[in-house]
Amino acid sequence: MYSFRTISVMPEMPERISRLTELARNLWFSWRPRSQQLFSKIDRVLWEEVNHNPVKFLLHVDKGKLEKAADDPNYLYMYDLMMGYLDEYMKKETWYQKKFPDQANQLIAYFSAEFGVHESNPVYSGGLGLLAGDHCKSASDLGLPFVGVGILYKQGYFYQRINREGWQEAHYSFMDFNEMTVTPASKNGGDVIVTVPLPGRDLFVKVWELQVGRITIYFLDADLAQNRMEDRLLTSTLYGGDQATRISQEIILGIGGVKALRELGISPTAWHINEGHASFSIVERIRELVEKEIPFAVASEAVRSCTIFTTHTPVPAGHDVFSPEMIDQYLSYFYDKLHVSRDVFMGMGWDDRRQGFNMTKLAMNHSVFTNGVSKLHGEVTKKMFAYQYTGIPMEEIPIYYVTNGVHTETWADREMKQLFEKYIGMNWMENISNQEQWQRVYDISDEELWQVHMLLKERMIQFVQHNLCRRMERNFEPIELIRENAGYLSKDVLTIGFARRFATYKRANLLLRNKDRLARLLNNPERPVQIIFSGKAHPADRPGQEIIKQLLDLAEEERFRGKIVFVENYDINVSRHLLQGVDVWLNTPRRPLEASGTSGQKAAVSGIINCSIMDGWWPEAYNGENGFAIGSELEYDNEEIQDREDANSLFDLLEQTIVPYYYRRVNGIPREWVRRMKNSLATIPWRFSTERMVKEYTQRFYLPAAMKGRRYMAQEYKVAQQMQEHKRYMQENWHHVHFQSIRVDQPKTLKVGQNIFIQADVCLGSIKPQDVIVEVVYGKVGDKALVDVMLMPMNLKEPVGQDLYRYETNLVLLQGTSGYTLRVRPYSPNFEYPFELPLIKWGDNMSFST
Ligand SMILES: *Cc1c(COP(=O)(O)O)cnc(C)c1O
C-alpha cells in the first residue's frame, strides 16, 4: 500500500451559470427542492445516479449539457430566481438578530456523533442524526450564532441490500470527500489539522466544513497519511467496531472537536452536547483552563456554567460506559494535566451500578441544563436519575424536556408548500411556530388537499416500485415476478407506512403476531389495505435483522404478495418519499422506550395521519381528532402481555375505525379522513417543528448558559471560584441543618380565607441565613404525595440562640383538604433553578406543636 493524493477536476462551468458550484456546496438546497431542479433539469438520470449529490453531479456532468442549459432562457429564468432566493436567505434579517440584538457576540457549539442533513452526506444512522441535521437547519433559519461539530465517516453508515433469501446485507463503500458537499477547512491557505493523543501516539485529524445555509458544521477526519494504517480507520464507520474504536471516536469528537474549534479561532460561549458521545469535550475544556492555572474545581464549575446536555435514550444500556482500565489506558495523561488523582477523575463520570465511567453521567455532572426530548421522556429520565436527588420531589428534579421537532421545509414537498403558500400565506415559513396561521389549513378545500395527497401518493408508489424492481433485477428474480411487481401497490388502496431503524423495541413485527387476522385485513375485497416497510438493522443487531427476514418471508407468501412490500436502504431520500405519500404512518414502540420519535412529525407536514402507541412525542400531540392512538397509557411489567395487548388494540383500531373511515366516500372523497388530515396539519407542524424547538433551546438554555458562563469567567473566574467554594461549603456543612421546633396556631375549624400562623426554629449550624430558603410546601392531598404543590417562603425573624433562627409565616388555605409541611433548601442568586445544589431538609420528622 502506498499513499497518494487525489484531486478532482470540475468541468469548465459556463460563466452564466457558474454559481451552481456555490449552490452545490450550500446545503440550503436540501430544503429547497426547486433549487435542486437546477441540477436535475440538466441531467435527470445522472442526478438520480449520484443520489442527489450536486458536487458529484457537477464533476460528472457532460459539458455540452451545461452549455445547453446556459443557453436555455427557461433554465436561466429558474437559475436567476433560485440564486436570488439564496442571496435573500443569506442576507435577510433573522429572528435572533431582531430578538437579541445585544447578544450578537454569543456563539453556540453543538456537538453530535451524527448529522443527517441530506442523503448526499450519509454520516447519520437514524433519528439522532436527523434531529441534529434539522436542528442545524433551523439554527440557520433563525440566524443563531452557531457551529456544529461532528465526525466525517469515510464509509458513512452502511448501504443496505436485501438478498434473495430476504436477509439484509450491509455494504460499505469508501466516500471520496472531494466528491462530497464538504470542503476542507482552511487557515492561512492551508488545511486545518489538529492532534489528539491516543495511547502511545498522536492522532492527526483533519477538519472539513459543511455549509448549511448560514451556519457551518465542522467534521473531523482521521484518514490521513500521517496516521498509522489502523488509525486511519478510526473515523471509518458510524457505530462500528469494538469498545476501543468507540472510545477513540468519542475522544476524536470530544477532545478533537474542541481543539479543532480553537485552531480555527472559534470561541463558543455555550456548548451543547447532543447525547453522551461528545462528553469528553468537557474534560478537554477543563484541561484548557487548568493549563491557565485555574484550579480544577473552579475550572469544572466554569465549564459547567455554560454547558447544555441532551439525553436521547431511556434505555440504560444505550448510555456508553467505559471500564476504568480503558480510562486508564486512554486518558490517564489527564490525571497529571488536571492535577487530580485517578479517583477524582473517575468520579467525574463514575457509575456505581455499572462500575464504569459513564458518558451520560460525565455530561450531566458538568452541565447546567440537562434535558430529555419529550415530556414523557423527561419524566422517565428523572426517574432514571432520581437517586442523585435524594429527598427532592420528582417534579422539582432539575431535568427538563424540550420536545423534538422537524425542519418543516425539509419535509414538505413542493406541492404541499404551494398549498401552504396559497392558504397560509407566501411567508408561512418565516414563522412556522405561529399556531394561528395554521388555522388557515381549514380553508383548503377537501378536493384540493385530496388531489395533492393522491399526487404525492402516486409519486411514492412509483418510487417504491422502482426500488423493488432494482432489487429483484439485482437478485436475478424471475422476469415474470419482476413484471408482476409493476402491478403491486395501488393508489386506491389504504396504504400504511412503517419505516425506521429496525431496533427490536420499535416492533416492526407487531402485526405479525396474528397473520391470519392480518391477511383478512389486507385482503378485504371492498376495503383492501397495503403496507410498506423500510428500515435498516444495525449490522451487529441479529434480532433486528431477523425481523427484516420475517417481513420479507411474509411478503413472499401468496396471500401477502404485493400487499406487503419492503423498500431497501432506508435513508433520507426513501424516508421523504414514504412520509409524503402513504395514508397512515404507523409507530409501534414498546412504551416508554421511544424517547421522542420524529418521523411521525414529518408525516404530519404532509397531512399524513399518525397511528401511534402513546409514547415519545405522541401523547403531547394527540387530541383525539388529529390521528389515532393505539392502546392506552398503561405501564406494563411484562413485555409479552404488552405486545399482545398492543397488537390487539392495533388490529381493533384498524378494523373498526381506520379502514372504515378511509373508505367512507362522498363524491369520491373520504370527507372524515380529510378532516383528520386538516386537524393534523393545524395542530402538529407548528408545534413539532425545529423552529419552535431551537427557539426553546435558545431562550431557555443557550442564552442563560452563555450569560452565566460570561459571568462566571469574568474577573479571572471570580464568580466560578465563589460558587465552587460556596457549594463545597454548603455540602460539607449541610448536615447541621435541621428543624428545632415547629409551632402552628390553628383555629379548631377553618373557614376559607382564614390564616394559620406557622413558626419554625431552624438550626443552620455555620451556614448563614441568606444562603437558605425556609418554606412552607402545601397542596391538595393526593394518593402518595401532595399535588398542585405551592411554595411559600417564610420570613426570617430574630435569632433565638446559637446558630438557631426563627422563621414565621401566615398561611392562607384553599377550600378542601390540604396538606402542608416545611423544608429548607440552599439558595444563591447565582442558581439557575432551585436545586442546582441538590440538598434539602424536611420538617416532616418534627412533631408539630399547636
Ligand atoms: C426521521 C428519520 C428517522 C427517525 O425516525 P423515528 O420515527 O424517530 O424512528 C430515522 N431515519 C431517517 C432516514 C429519518 O428520516
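Here the structure is a predicted model, which is why all the values come from computation and not from measurement. Indexing begins at 1, ligand by ligand and atom by atom, following the structure's order.
- To the nearest 0.5 Å, atoms CG (D221) and OH (Y153) are separated by 12.0 Å.
- For R474, the CZ atom sits in a packed shell: over 12 heavy atoms of surrounding residues, nucleotides or ligands are nearer than 6.0 Å.
- The part of L130 lying near ligand 1 is the side chain, judged by heavy-atom distances below 4.0 Å.
- The six-membered or imidazole ring of H538 lies away from that of Y239, with a centre-to-centre distance of 6.0 Å or more.
- A distance of 6.0 Å or more separates the ring centres of H272 and F111.
- Taking the six-membered ring where the residue is Trp, F701 and Y697 present perpendicular rings, their angle passing 60° and hence far from 30°.
- Residue contacts with ligand 1 leave out W585, since none of its heavy atoms falls under 4.0 Å from the ligand.
- Cation-pi check for K154 over F177 is met; the charged atom lies under 6.0 angstrom from the ring centroid and within 45 degrees of its normal.
- If you check which protein heavy atom lies closest to atom 8 (O) of ligand 1, you get T598 N, 2.9 Å.
- Within the listing of ligand 1, atoms 15 (O) sit less than 4.0 angstrom from a heavy atom of W411.
- With atom 9 (O) of ligand 1 as the reference point, the heavy atom nearest to it among K602, K506, R501 is part of K506.
- Considering backbone and side-chain N/O of S575, one or more are found under 3.5 Å from N/O of ligand 1.
- Taking every heavy atom of G597 and a limit of under 4.0 angstrom, the matching atoms of ligand 1 come to 8 (O).
- Ring geometry for F29 versus H118: interplanar angle over 60°, hence perpendicular rather than tilted (30 to 60°).
- Near D571, meaning under 4.0 Å from one of its heavy atoms, ligand 1 places the atoms 13 (C).
- Annotation: cation-pi pair K536/Y157 absent, no NZ/CZ under 6.0 Å from the ring centroid and within 45° of its normal.
- Residue G126 approaches ligand 1 through these ligand atoms, each under 4.0 Å from one of its heavy atoms: 10 (C), 11 (N).
- Within ligand 1, counting atoms from 1 as listed, the ones closer than 4.0 Å to a heavy atom of G127 are 3 (C), 4 (C), 10 (C).
- Interface of R500 with ligand 1, defined as ligand atoms under 4.0 Å from a residue heavy atom, comprises 7 (O), 9 (O).
- For atom 5 (O) of ligand 1, the closest non-hydrogen atom on the protein side is S599 CB, 3.5 Å.
- Side chains of D643 and Y636 form no contact here, defined as non-hydrogen atoms less than 4.5 Å apart.
- Y570 CE2, 3.3 Å is the protein heavy atom nearest to atom 11 (N) of ligand 1.
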